[in-house]
Enquirer: 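The structure is given below, and queries will be raised subsequently.
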Amino acid sequence: MDAERAPDLLRPPFLRAGDHALGDGGPALVIFGDYEDPDSAAADRAVNELRTRWDGFSYAWRHLPLAEHHPHANGAALAAEGAAAQDAFWAYHHILLARQDALTVPDLLAYAGSIGLDVAQLMDDMREGRHVERILDDIRSAVGSGVTTTPALFVESVRWEGGWEPDALEGALRAAMAG
């Protein structure tokens, strides 16, 4: 890290009421991610791998679609929020990250149907932009925390620059828990 630059800090609250979060306590891990970014998918996979062996932390995903690099990222984020409105955020989220090369609107609707979502409702939500404000809240949180690229990981309030290997993440989270 540049000695002249202060570390990026996540602005409180670290976990917000509207966040898509897993876990019921412990230190908070927040990822700002983009559904077309391969590194965002790798970071999410690493967190999920860690959660299979240790669930002593909370994990939240926040949207940061970088449309200038990923033309389908905004639509995927909107579709994920439509899935969240049908109580299926995480199931849909994992599909989107697994199928990053196929995120056109027809793809998004097909994935919704494959997990039993109301496809017509999802299509209406996307067309009407019903969940745009939710995504904009995540983007404002990213910008306010100094984030300009994905994935951006925060352990509690501090930007984590140590990679996203499960062991490294676990060490950072356990250190945050110890104070």
Side-chain angles (χ1 to χ4, degrees), residues 1-51 54-81 83-84 89-90 92-94 96-97 100 103 129 131-179:
M1 179 182 332
D2 187 315
E4 304 282 321
R5 186 172 154 259
D8 296 330
L9 296 176
L10 183 63
R11 304 213 178 199
F14 307 135
L15 291 179
R16 306 171 306 181
D19 276 338
H20 302 295
L22 298 171
D24 293 322
L29 172 64
V30 175
I31 294 182
F32 289 94
D34 173 317
Y35 285 115
E36 276 189 288
D37 173 32
D39 289 338
S40 292
D44 183 75
R45 280 191 308 274
V47 170
N48 288 315
E49 181 182 325
L50 175 57
R51 288 191 64 74
W54 181 60
D55 64 356
F57 65 99
S58 297
Y59 165 48
W61 171 274
R62 292 188 190 165
H63 303 289
L64 185 58
L66 301 175
E68 63 275 10
H69 303 291
H70 303 126
H72 299 105
N74 282 322
L78 272 174
E81 288 305 317
F89 175 79
W90 289 105
Y92 197 73
H93 164 86
H94 294 306
L96 297 181
L97 288 173
Q100 292 183 308
L103 296 176
H131 306 291
V132 168
E133 192 58 37
R134 169 72 179 75
I135 296 163
L136 290 174
D137 283 345
D138 285 356
I139 293 169
R140 284 189 284 267
S141 174
V143 170
S145 299
V147 174
T148 59
T149 189
T150 58
L153 288 73
F154 287 82
V155 174
E156 288 296 300
S157 67
V158 180
R159 178 94 178 246
W160 171 249
E161 300 284 359
W164 48 79
E165 295 76 23
D167 291 338
L169 287 173
E170 182 176 359
L173 289 160
R174 287 188 184 274
M177 191 166 49

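When reading the values below, keep in mind they use all heavy atoms of this one structure, side chains included, and skip hydrogens, waters and symmetry mates.
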Enquirer: Can you name the one residue among Leu64, Thr150, Val47 that meets side chain to side chain contact (heavy atoms under 4.5 Å, CB included) with Ile31?
Expert: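 Passing option: Val47.
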
Enquirer: Measure from the side-chain N and O atoms of Arg45 to the backbone N and O of Leu97, and report whether any donor-acceptor pair falls under 3.5 Å.
Expert: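 Flag not set: sc Arg45 to bb Leu97 has no pair under 3.5 Å.
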
Enquirer: Under the 3.5 angstrom rule, does the side chain of Ser40 hit a backbone N or O of Asp34 as a donor-acceptor pair?
Expert: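 Present.
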
Enquirer: Please examine the side chains of His94 and Asp44, heavy atoms only from C-beta on, and report whether any two atoms are closer than 4.5 Å.
Expert: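 Yes, their side chains come closer than 4.5 Å.
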
Enquirer: Tell me whether Asp137 is salt-bridged to Arg140, with the criterion being a basic N under 4.0 Å from an acidic carboxylate O.
Expert: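 Here Asp137 pairs with Arg140 in a salt bridge, since their nearest N and O are under 4.0 Å apart.
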
Enquirer: Please confirm whether the backbone N or O of Leu10 pairs with a side-chain atom of Ser157, one donor and one acceptor, at under 3.5 Å?
Expert: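 Looks like no, no N/O pair under 3.5 Å.
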
Enquirer: Does the side chain of Arg159 come within less than 4.5 Å of Val147's, by heavy atoms?
Expert: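 Yes, their side chains come closer than 4.5 Å.
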
Enquirer: So, Glu165 side chain and Ala46 main chain: donor-acceptor pair closer than 3.5 Å or not?
Expert: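 Side chain of Glu165 to backbone of Ala46, a donor-acceptor pair under 3.5 Å: no, none is there.
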
Enquirer: Before giving the answer on side chain to side chain contact (heavy atoms under 4.5 Å, CB included), spell out for Asp39 and Thr149 the whole-Å C-alpha distance, their side-chain angles and the decisive distance to 0.1 Å.
Expert: CA-CA 10 Å; Asp39 289 338; Thr149 189; over 6 Å; no

Enquirer: For the residue pair Glu133 and Leu136, establish whether any side-chain heavy-atom pair is separated by less than 4.5 Å.
Expert: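 In contact.
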
Enquirer: Considering only residues two or more places apart or on different chains, which pairs with a residue in residues 24-33 satisfy salt bridge (Lys or Arg N to Asp or Glu O under 4.0 Å)?
Expert: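 Checked against salt bridge (Lys or Arg N to Asp or Glu O under 4.0 Å) - neighbours excluded - no pair reaches residues 24-33.
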
Enquirer: Check whether Phe57 forms a cation-pi arrangement with Arg51 (NZ or CZ under 6.0 Å from the six-membered ring centre, at most 45° off the ring normal).
Expert: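 Verdict for Phe57: a cation-pi partner in Arg51.
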
Enquirer: Rounded to the nearest 0.5 Å, how far does NE2 of His20 lie from OH of Tyr92?
Expert: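 The NE2 atom of His20 is 13.0 Å from OH of Tyr92, to the nearest 0.5 Å.
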
Enquirer: What are the two closest non-hydrogen atoms of Trp160 and Ala172, and how far apart are they?
Expert: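 For Trp160 and Ala172, the tightest heavy-atom pair comes out as CZ3-CB, 3.5 Å.
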
Enquirer: How far apart are the closest heavy atoms of Gly18 and Arg134, and which atoms are they?
Expert: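 That closest heavy-atom pairing would be O-NH2, 3.0 Å.
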
Enquirer: If you compare all heavy atoms of Gln100 against all heavy atoms of Pro38, which two are closest, and at what distance to 0.1 Å?
Expert: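 Heavy atoms of Gln100 and Pro38 come nearest at OE1-CA, 3.4 Å.
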
Enquirer: Any side-chain heavy-atom pair from Ser141 and Phe32 closer than 4.5 angstrom?
Expert: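 In contact.
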
Enquirer: Take the angle between the ring planes of Tyr35 and His63 and call it parallel below 30°, perpendicular above 60°, tilted in between.
Expert: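 Answer is tilted, since the angle falls between 30° and 60°.
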
Enquirer: Calculate, to the nearest 0.5 Å, the distance between atoms NE2 and CG belonging to His93 and Leu22 respectively.
Expert: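 So the NE2 of His93 and the CG of Leu22 are separated by 8.5 Å.
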
Enquirer: Quick one, Leu29 and Leu50 - any side-chain contact, counting heavy atoms below 4.5 Å?
Expert: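 No; the side chains remain at least 4.5 Å from each other.
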
Enquirer: Would you please classify the geometry between the Tyr59 ring and the Trp90 ring as parallel, tilted or perpendicular, with 30° and 60° separating the classes?
Expert: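 Tilted: the ring planes of Trp90 and Tyr59 meet at 30° to 60°.
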
Enquirer: List the atom of Ala76, the atom of Leu103, and the distance in Å for their closest heavy-atom pair.
Expert: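 Smallest interatomic distance, heavy atoms only, reads CB-CD1, 4.2 Å.
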
Enquirer: Any idea which heavy atoms bring Gly56 and Pro27 closest together, and the distance?
Expert: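 Closest approach of Gly56 to Pro27, heavy atoms only: O-CD, 3.4 Å.
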
Enquirer: Heavy-atom distance under 4.5 Å between the side chains of Pro65 and Glu36, does that happen here?
Expert: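 Not in contact.
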
Enquirer: Looking at every heavy atom in both Ala84 and Phe89, which two are closest together, and how far apart are they?
Expert: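 Where Ala84 meets Phe89 most closely, the heavy atoms are CB-CB, 3.7 Å.
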
Enquirer: If you define the side chain from C-beta out and look only at heavy atoms, does anything of Met177 sit under 4.5 Å from Val155?
Expert: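 SC-SC contact between Met177 and Val155 ruled out.
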
